[in-house]
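Quick notes on the structure that follows.
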Amino acid sequence: MMSIAQCNRCFNKMLNVTPYEYLIQYRLQKATNLLKDATLNVTEISEIVGFNNVTHFIQAFKKVYGISPKKYRMMED
């Protein structure tokens with residue numbers, strides 16, 4: 001039996017990120033793999049990896065990788 005706050009503290013202590021930050025990092029990592037597939041557009045990729053809003057996806061991607069998903073895709077070609 002553990003409270004949500006305790007669970008969050010344990011998670012943060014073990015991985016040095018919050019559960020939310022971990023989830024965003026995981027989704028963005030999956031997105032980088034999908035960006036290599038030219039058949040999917042950025043909106044489709046954002047939905048596949050679990051973002052409800054493509055703008056939020058692009059902002060999160062830029063924050064982590066320093067470039068937009070579209071530029072990342074062009075660099076991978």
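Model, not experiment: these values are computed from the prediction. Numbering starts at 1 and runs along the sequence shown.
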task: Compare every heavy atom of Q25 with every heavy atom of V17, then report the nearest pair and how far apart it is.
output: CG1-NE2, 3.9 Å
- prompt: Which atoms form the tightest heavy-atom contact between M2 and C10, and what is the distance?
  reply: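 That would be CE-SG, 4.2 Å.
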- prompt: Sub-3.5 Å donor-acceptor pair from the side chain of R73 to the main-chain atoms of D37, do we have one?
  reply: yes
task: Answer yes or no: is there a donor N or O on one side and an acceptor on the other, between the side chain of E44 and the main chain of N41, under 3.5 Å?
output: yes
Can you measure from [atom1] ([X]) to [atom2] ([Y]) and round to the nearest 0.5 angstrom?
X   : Y   : atom1 : atom2 : answer
N53 : I58 : CG    : CD1   : 9.0 Å
T43 : F57 : OG1   : CZ    : 9.0 Å
K13 : Q6  : NZ    : CD    : 12.0 Å
L34 : Q29 : CG    : CD    : 10.5 Å
N12 : R9  : CG    : CZ    : 10.5 Å

Worked verdict on F61 versus L35 for side chain to side chain contact (heavy atoms under 4.5 Å, CB included): CA-CA 12 Å; F61 195 96; L35 284 165; 3.7 Å; yes
message: Do V64 and I67 land in one hydrophobic cluster if side-chain heavy atoms of ILVMFWY residues count as linked below 4.5 Å?
response: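 Yes; I67 is reachable from V64 via cluster members.
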message: Let me check something: do L28 and Y20 share a hydrophobic cluster, defined by ILVMFWY side-chain heavy atoms less than 4.5 Å apart, either directly or through other members?
response: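 Yes, it is one cluster - the side chains of L28 and Y20 are joined through contacts under 4.5 Å.
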Enclosure of N52 CG (heavy-atom neighbours >12, cutoff 6.0 Å): no
query: Should the ring pair Y65 and Y72 be called parallel, tilted or perpendicular, given that the plane angle runs from 0 to 90° and is split at 30 and 60?
result: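 Correct class here is tilted.
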message: Within the structure provided, determine whether Y26 and V49 are in side-chain contact (heavy-atom separation under 4.5 Å).
response: no
query: Can you find a heavy atom in the side chain of I24 that is under 4.5 Å from one in the side chain of F51?
result: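 Yes, side chains in contact.
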